[in-house]
There are 2 protein chains.
Amino acid sequence: MFRGCTKLSVDNKGRMAVPSRYRDRLVGLSDGCLILTLNPLDRSLWLYPLPEWEIIEGKLAALSDFDKQGRRAKQMMRGYATDCQLDGQGRILLPNELREYASINKHIMLLGQGNKFELWDEKTWQKLREEWLAEVGSESTEPSDSLKSLSL
Amino acid sequence: MFRGCTKLSVDNKGRMAVPSRYRDRLVGLSDGCLILTLNPLDRSLWLYPLPEWEIIEGKLAALSDFDKQGRRAKQMMRGYATDCQLDGQGRILLPNELREYASINKHIMLLGQGNKFELWDEKTWQKLREEWLAEVGSESTEPSDSLKSLSL
DNA sequence: TATTTTTACCCACAATTACCCACAATTACC
DNA sequence: GGTAATTGTGGGTAATTGTGGGTAAAAATA
């Protein structure tokens, strides 16, 4: 399971270094072969090791084409899924299309999210974080049911 | 179960010594592997022994991605969860990101909190404590229902 | 096929991190 | 209360890691 956050930068060739603490695991899992696609729920990107992506692909294939939301999710996630290979320095090349979607230009926040990583434009992420913290802190906002019963 | 509070300092490399009375237990539990993450409810940090964190991770994984609050909680807590390894002197390195979140610079208050520790900037903690004491002391503030029935 | 653009591989630098040793303050023990 | 062990703090050094860029191969375009 992946966790932890790292500030990273994208060089002017569009490459991003994968933090070294994850590299061995990624090479072990799939010889450094990764799948990058868009996150349909937020303006960010998802980065899967190949075997994990194949599980997701299976789930997507099972969605009915007659459910509009399912069809769209399928189209987006599969459509934008790009193969990325770790290079000799442990970097991957981020395709233009995807960088634009997440408005990533130079500074990235990479978040471990269980079976995958989430890639955010740093500014966008900071803003999101502050918004969320304000919301959690305010007494006026009711936590959702699933959160109410959560003990950490 | 962890309890008790300790004043500690962070050196200029960002390291914090874990009090020696906890070390044996932490090494026994998880070979000194700890997870540090943000406390989304206060501006402080949580430090879990790995096995305890894995329980939390399970609870988080169960939250739906389609509930926005659940998704955010997941992103924040997992995203900021950082692996920390006790070094030869029994210290851990506190990542910049997290120190900033809790506005920790030099003096820390470490509180045992059952399954985890809570790390506060000392000044912030002092202030909070005084505020809370004042609030509880004042007759005007109603205790919440769960507190009303509490005998200590 | 020729030209331009994109991608992969290599090397180099600077910043960060891990490991080691040392000191001073605190605590435990006799 | 004095002495010895433990513990928290500081810092030097070497290795690792993230970043940048030059150059050659590959792909795309004309």
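We use all heavy atoms of the structure for the numbers below, so side chains are in, but hydrogens, waters and symmetry mates are not. To find a chain, count down the sequence lines: A is the first, B the second, and so on, and within it residues start at 1.
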*Asks:* Taking only N/O atoms, report every protein-nucleotides 21-23 of chain C pair under 3.5 Å with atom names and distance.
*Replies:*
| residue | atom | partner | partner atom | Å |
| --- | --- | --- | --- | --- |
| C:dC21 | N4 | B:Gln89 | OE1 | 3.4 |
| C:dC21 | N4 | B:Gln89 | NE2 | 3.3 |

*Asks:* Considering residues at least two apart in sequence or located in another chain, which fulfil the salt bridge (Lys or Arg N to Asp or Glu O under 4.0 Å) criterion with B:Glu100?
*Replies:* none

*Asks:* Without swapping roles, check the side chain of B:Arg99 against the backbone of B:Asn105 for a donor-acceptor pair under 3.5 Å.
*Replies:* no

*Asks:* Between B:Gln75 and B:Arg72, is there a side-chain donor-acceptor contact under 3.5 Å, judged purely by atom types and distance?
*Replies:*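 Their side chains do contain a donor-acceptor pair, which is all the 3.5 Å distance test asks for.
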
*Asks:* Using heavy atoms and a sub-4.0 Å distance, could you list which residues of residues 93-111 of chain B are near DNA chain C? By number, please.
*Replies:*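 Within this stretch, B:Leu93 sit under 4.0 Å of the strand.
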
*Asks:* Using whole Å, report how far CD1 of B:Ile92 lies from P of C:dC19.
*Replies:* 15 Å

*Asks:* Ignoring backbone atoms, test whether A:Asn12 places a side-chain nitrogen or oxygen under 4.0 Å from the OP1 or OP2 oxygen of D:dG21.
*Replies:*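 Answer yes for this pair, as a side-chain N or O of A:Asn12 is under 4.0 Å from OP1 or OP2.
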
*Asks:* Under a 3.5 Å threshold, yes or no: a donor from one side chain and an acceptor from the other, between B:Asp121 and B:Ser103?
*Replies:*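 No, because no side-chain N or O of B:Asp121 sits under 3.5 Å from a partner of the opposite role on B:Ser103.
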
*Asks:* Roughly, in whole Å, what's the span from CE in A:Met16 to P in C:dT7?
*Replies:* 16 Å

*Asks:* Taking C-beta and beyond as the side chain, do A:Leu26 and A:Leu34 meet within less than 4.5 Å on heavy atoms?
*Replies:* yes

*Asks:* A quick test of your reading: do over 12 heavy atoms of other residues, nucleotides or ligands sit less than 6.0 Å from NZ of A:Lys106?
*Replies:* yes

*Asks:* Output all residues satisfying ring pair (Phe, Tyr, Trp, His ring centres under 6.0 Å) with A:Trp46, sequence neighbours left out; order by chain, then residue number.
*Replies:*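 With neighbours one apart ignored, the set is empty.
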
*Asks:* Heavy-atom distance under 4.5 Å between the side chains of B:Ile35 and B:Leu50, does that happen here?
*Replies:*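 When only atoms from C-beta onward are counted, B:Leu50 and B:Ile35 do touch, with a gap below 4.5 Å.
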
*Asks:* Rounded to the Å, how far apart are A:Asp11 CG and C:dT6 P?
*Replies:* 15 Å

*Asks:* Along nucleotides 22-30 of chain D, 5' to 3', which nucleotides get a B, which get an S, and which get a -, given that the test is a protein heavy-atom distance under 4.0 Å?
*Replies:* BB-------

*Asks:* Are A:Thr6 and A:Arg21 close enough that a side-chain donor and a side-chain acceptor fall under 3.5 Å?
*Replies:* yes

*Asks:* Which part of the nucleic acid, if any, lies within contact of B:Asp87, taking any heavy atom under 4.0 Å across all strands shown: a base, the sugar-phosphate backbone alone, or nothing?
*Replies:* nothing

*Asks:* Map every base of DNA chain C to its dot-bracket character, where paired means a Watson-Crick or G-U wobble contact with both distances under 3.5 Å and | marks a partner outside the strand.
*Replies:* ||||||||||||||||||||||||||||||

*Asks:* Using the side-chain heavy atoms of A:Ser9, tell me which of these nucleotides is nearest: D:dG8, D:dG18, D:dT19.
*Replies:* D:dT19

*Asks:* Is it the case that B:Glu130 and B:Trp132 place a side-chain donor and acceptor less than 3.5 Å from each other?
*Replies:*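 Not at all, the side chains of B:Glu130 and B:Trp132 share no donor-acceptor pair under 3.5 Å.
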
*Asks:* Among the clusters formed by ILVMFWY side chains lying less than 4.5 Å apart, do A:Leu45 and A:Leu86 turn up in the same one?
*Replies:* yes

*Asks:* Given atom CZ of B:Arg21 and atom P of C:dT26, what is their separation to the nearest angstrom?
*Replies:* 16 Å

*Asks:* Check the distance between C:dC19's P and B:Leu86's CG and give it to me in whole angstrom.
*Replies:*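 Result: 12 Å.
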
*Asks:* Give one of base, sugar-phosphate or nothing for A:Arg23, where a contact means two heavy atoms less than 4.0 Å apart.
*Replies:* sugar-phosphate

*Asks:* Below 4.5 Å, heavy atoms only, C-beta onward: do A:Leu36 and A:Tyr80 meet side chain to side chain?
*Replies:*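 In short, these two side chains do not touch, never coming nearer than 4.5 Å.
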
*Asks:* Taking the basic N atoms (NZ, or NE/NH1/NH2) and the acidic carboxylate oxygens, is any pair closer than 4.0 Å for B:Lys7 and B:Glu122?
*Replies:* yes

*Asks:* Indicate whether any N or O donor in one side chain lies under 3.5 Å from an N or O acceptor in the other, for A:Glu118 and A:Trp120.
*Replies:* yes

